[in-house]
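Here the structure is laid out as C-alpha cells; the discussion comes afterwards.
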There are 2 protein chains.
Amino acid sequence: MDVALELFVERGAAATPVTTIEAAAGLSPGSGSFYRHFKDKEALLAAVVEREVTRVGKDPDAQVENTDGAGEQRLATQLRSDLDYLGELRSLIMILLWERNRAPELAEWVRKTSADRGIELGVEALRLAGPSAAVEEDEVAAATVMQSAMIGYFLAAEYFGASPADVDPDRFTAALARLLTNRDA
Amino acid sequence: MDVALELFVERGAAATPVTTIEAAAGLSPGSGSFYRHFKDKEALLAAVVEREVTRVGKDPDAQVENTDGAGEQRLATQLRSDLDYLGELRSLIMILLWERNRAPELAEWVRKTSADRGIELGVEALRLAGPSAAVEEDEVAAATVMQSAMIGYFLAAEYFGASPADVDPDRFTAALARLLTNRDA
DNA sequence: GTCTATAATATGATAGAC
DNA sequence: GTCTATCATATTATAGAC
C-alpha cells in the first residue's frame, strides 16, 4: 500500500499497471502475487484512499482554536497552519485529482466534508481576526477568496514544483492575512 | 481533433484508447483508420495542444488596457474578464493537468509564458487600481494572492462542477477586487 | 505468501483490398 | 480515405506447484 500510494499520487491508479505495483513492492512483476492481497486494483485504490482519509483524520479544524494572538497576526498564523495541513493532505488531494472523473461521488464527498466546511471555518476565522469593511460586506465571498487563494497556491506549487513567483509560504500567508484584515487609515 | 480534444479534456490522453477516438470520429473502431491521419496518439495530442495554443492566442493580456473606470471597479472588471479568459483556456488547462507528469517541460513552459507573466501583469493592474497599504507592503505577494485565488476558484469550480460555496464569478471577483483595494477609514 | 505458467482481453499499430 | 484482417505487446487475472 505504501508503494501503491506513491505510484497513484504520481501517475494515477489508471496509469499504474499491477505489474508495476508488484515490482515496486518487491514481488515478481507479472506473477500475479498481488492478487493474494487485493481482489483487484480498484480494491487496492479504495484501501489506500481509506487509509489516507483515516490518517489525516476527520478533524481539519483541530488547530483552529489554539491559535493565540489576535487580528492580522492571528489570521496569518492560522493560514500558515492551514497550508501545512494541505501538505498533509497532499497524497489524498493528488489521488482525488487523478480520479476526478471516475468517481464524481468522491468529489461530492470532498465538497461537503472539506470545501463547504472550510468556508464556515473561514468565516469564523475572519470574525476572530476582526474583519475589515471589505470582508464584512460579504463574509462568505471573502472566505471563498481566502480558500481559493490557499488551494490555488498549493496546487500551483505542486504543479510547478516550486513556489509561485518565488513567494514562499510564510510570505504568501502573511500577504493574504494582511489583505483580509486591511485597515488603511 | 475536435472529438479527441473533448476526450482528452475529460479523461486524459493516456486513458483514451485510439479505438475510442475512432468511434467518436465516426470511424470503425479498431479499424486503424486513425493512423492514416496521425502517426500515433502522441502526434494527435501534440496537434490538439498546438491548435489550442494557437486558438487562445499568445496574448493573454490583450484585454488589460481597454478596461475603463478606476480603482476597485476597474480591478473588478479586469478580474471578471480574466476569469472568462481562464474559461477559454479550459481545454488547455485540463489537458495540461492530465499530462503534468509526462511532460515536465510543458509545465515549465506554462510557468514562464503564463504564470510568471501573469504576476507581472497583476502587479501592473494593482498599481492602476490604486493599491492599498496592504498591497504596497509586498506587491508581488499581493499579485500572487490574486493569481492563486483566481486559479483556485476556477479549478474548484471545474472540480466540483459548481461555484465554490455558491459564490458566482461576479460575486467572487467583486470580493477579490474589494480586498485588494480596501481602504477602511 | 510467492512463484511459474497461462489465458483472456485490451490496446497499439501495420498491410493490403477497395 | 475507409475497411477487413492481422500482429505484437501490455494488462488483467487465474490455476496450481512449492
Side-chain angles (χ1 to χ4, degrees), chain A residues 1-52 54-55 91-92 94-106, chain B residues 1-55 91-92 94-107:
Chain A
M1 287 176 68
D2 291 339
V3 297
L5 174 68
E6 193 152 337
L7 289 165
F8 291 172
V9 166
E10 295 307 320
R11 331 162 52 177
T16 306
V18 171
T19 55
T20 300
I21 300 168
E22 286 174 327
L27 297 173
S28 178
S31 66
S33 288
F34 167 87
Y35 295 98
R36 298 281 177 173
H37 301 270
F38 297 94
K39 182 184 175 296
D40 53 23
K41 203 165 63 177
E42 271 317 297
L44 170 62
L45 174 60
V48 164
V49 167
E50 193 182 351
R51 193 183 65 164
E52 278 303 291
T54 302
R55 185 180 67 73
S91 297
L92 206 46
M94 292 301 128
I95 290 179
L96 293 177
L97 216 47
W98 285 120
E99 306 302 321
R100 62 185 181 262
N101 285 328
R102 269 207 309 181
E105 71 281 2
L106 263 186
Chain B
M1 287 176 69
D2 291 339
V3 298
L5 175 67
E6 192 152 339
L7 288 165
F8 291 172
V9 166
E10 295 307 323
R11 329 162 52 178
T16 306
V18 171
T19 55
T20 300
I21 300 168
E22 287 174 328
L27 298 173
S28 177
S31 66
S33 288
F34 168 87
Y35 295 96
R36 298 281 176 172
H37 302 269
F38 297 93
K39 180 181 175 298
D40 53 23
K41 204 164 62 176
E42 269 321 293
L44 171 60
L45 174 60
V48 164
V49 167
E50 193 182 351
R51 193 182 65 164
E52 278 302 291
V53 169
T54 302
R55 187 182 64 75
S91 297
L92 205 47
M94 292 301 127
I95 290 179
L96 293 177
L97 215 47
W98 284 121
E99 307 301 321
R100 62 185 181 262
N101 285 328
R102 270 207 309 179
E105 71 282 2
L106 263 186

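For the numbers below, each heavy atom of this structure counts, side chains included, while hydrogens, waters and symmetry mates do not. Since the model is a prediction, treat every value here as computed from it, not as a measurement. Proteins get letters first, then strands, A, B, ... in listed order; numbering begins at 1 in each.
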Inset, instruction - Report yes or no: does A:R36 contribute a side-chain atom to a donor-acceptor pair with the main-chain N or O of A:S33 at less than 3.5 Å? - result: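 Not confirmed, A:R36 side chain does not pair with A:S33 backbone.
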Inset, instruction - Sugar-phosphate means primed atoms, P, OP1 and OP2; the rest is base. With that split, encode nucleotides 9-18 of chain D 5' to 3' as B, S or - using protein heavy atoms under 4.0 Å. - result: --SBBB-BB-
Atom [atom1] of [X] to atom [atom2] of [N]: distance rounded to whole Å?
{"X": "A:F38", "N": "C:dT2", "atom1": "CZ", "atom2": "P", "answer": "12 Å"}
{"X": "B:E22", "N": "D:dC3", "atom1": "CD", "atom2": "P", "answer": "8 Å"}
{"X": "B:I21", "N": "C:dA10", "atom1": "CD1", "atom2": "P", "answer": "17 Å"}

How many angstroms lie between atom [atom1] of [X] and atom [atom2] of [Y], to the nearest 0.5 angstrom?
{"X": "B:F8", "Y": "B:M1", "atom1": "CZ", "atom2": "CE", "value": "10.0 Å"}
{"X": "B:R102", "Y": "B:L45", "atom1": "CZ", "atom2": "CG", "value": "6.0 Å"}
{"X": "B:L5", "Y": "B:I95", "atom1": "CG", "atom2": "CD1", "value": "5.0 Å"}
{"X": "B:H37", "Y": "B:E22", "atom1": "NE2", "atom2": "CD", "value": "9.0 Å"}

Legend entry - Contact list for DNA chain D against residues 2-10 of chain B - heavy-atom distance below 4.0 Å: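 Heavy-atom cutoff 4.0 Å gives no residues at all.
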Inset, instruction - Could you tell me whether B:E10 atom CD has more than 12 heavy atoms of other residues or ligands within 6.0 Å of it? - result: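 Enclosed: over 12 neighbouring heavy atoms sit under 6.0 Å from CD of B:E10.
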Legend entry - Side-chain touch A:L96/A:E52, heavy atoms, less than 4.5 angstrom: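 No, their side chains stay 4.5 Å or more apart.
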Legend entry - Partners meeting side chain to side chain contact (heavy atoms under 4.5 Å, CB included) with B:A14 (sequence neighbours left out):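 Result, side chain to side chain contact (heavy atoms under 4.5 Å, CB included) vs B:A14: none returned.
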